[in-house]
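Predicted, not measured: the structure shown is a model, and the values here were computed from it.
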Amino acid sequence: MSTASGTRRGPGRPPLADNEQTKSRILAVALRAFAEQGYEGVSVRSVADQSAVTPATVTYHFPGKDELYRAACIEAVDRAYAALAAATQA
C-alpha cells in the first residue's frame with residue numbers, strides 16, 4: 001500500500017493511530033446515543049457508524065454493548081461530579 005508521499009508502509013495499524021482519542025470519541029458518541037435513544041435503541045454498529053470506525057474497533061475498546069453502556073454510565077457520573085465540584089468551588 002502506498003501513501004500520499006509514495007512510500008510504502010508495512011502491514012498493520014498506522015504508527016500514529018491514537019487509541020485513547022478513538023476510545024474517547026466512541027465513548028462520547030455512545031453516551032449521547034444512550035441518553036437520546038436508551039439502551040434498546042442503540043447498537044454497536046450505530047455507535048461505530050457515528051464514530052467513523054468499524055464495529056470491530058468499538059468491540060476492541062469495549063468488548064460488548066453491556067460494557068459500552070457501563071462505560072457510558074460511568075462517564076456520565078464522572079461528568080456530573082466534575083460539574084458539581086466546579087459549581088461548588090465557584
Side-chain angles (χ1 to χ4, degrees):
M1 174 184 293
S2 295
T3 63
S5 64
T7 60
R8 188 169 173 86
R9 74 169 183 85
R13 191 177 299 235
L16 298 178
D18 187 346
N19 282 337
E20 285 305 311
Q21 185 179 27
T22 299
K23 185 176 182 178
S24 294
R25 185 173 69 246
I26 293 167
L27 188 55
V29 167
L31 178 58
R32 185 175 58 251
F34 285 124
E36 292 174 357
Q37 302 166 31
Y39 181 85
E40 294 299 323
V42 176
S43 68
V44 169
R45 180 173 296 283
S46 68
V47 170
D49 291 345
Q50 293 174 35
S51 301
V53 298
T54 64
T57 300
V58 175
T59 56
Y60 171 81
H61 292 287
F62 306 96
K65 183 177 172 181
D66 289 344
E67 289 80 3
L68 181 59
Y69 183 73
R70 279 190 210 104
C73 289
I74 291 168
E75 179 68 15
V77 170
D78 287 348
R79 288 182 184 188
Y81 277 130
L84 181 62
T88 58
Q89 292 178 359

Counting only pairs under 3.5 Å, give me each side-chain donor-acceptor contact of residues 26-37, with atom names and distances, residues two or more places apart or in other chains.
none

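Judged by distance alone, the side chain of E67 and the main-chain N or O of G64 form a donor-acceptor pair under 3.5 Å.
Within the structure, side chain to side chain donor-acceptor pair (under 3.5 Å) pairs that include any residue of residues 69-79 comprise E75-R79 (at least two apart or interchain). Within the structure, no pair that satisfies the salt bridge (Lys or Arg N to Asp or Glu O under 4.0 Å) test touches residues 48-63, not counting sequence neighbours. The list of ring-ring contact (aromatic ring centres under 6.0 Å, His included) pairs with a residue in residues 70-90, not counting sequence neighbours, is empty.
N19 approaches H61 most closely through the heavy-atom pair O-CE1, 3.5 Å. Counting all heavy atoms, side chain and backbone alike, A52 lies closest to R25 at O-NH2, 4.4 Å.
The cluster map of Ile, Leu, Val, Met, Phe, Trp and Tyr, joined by side-chain heavy atoms under 4.5 Å apart, puts Y39 and I74 in different clusters.
Considering NZ of K65 and OG1 of T59, their distance stands at 14.5 Å, rounded to 0.5 Å.
Residues meeting the side-chain contact (heavy atoms from CB on, under 4.5 Å) test with E20, sequence neighbours left out: D18, K23. For S43, the side chain to side chain donor-acceptor pair (under 3.5 Å) partners are S46, not counting sequence neighbours.
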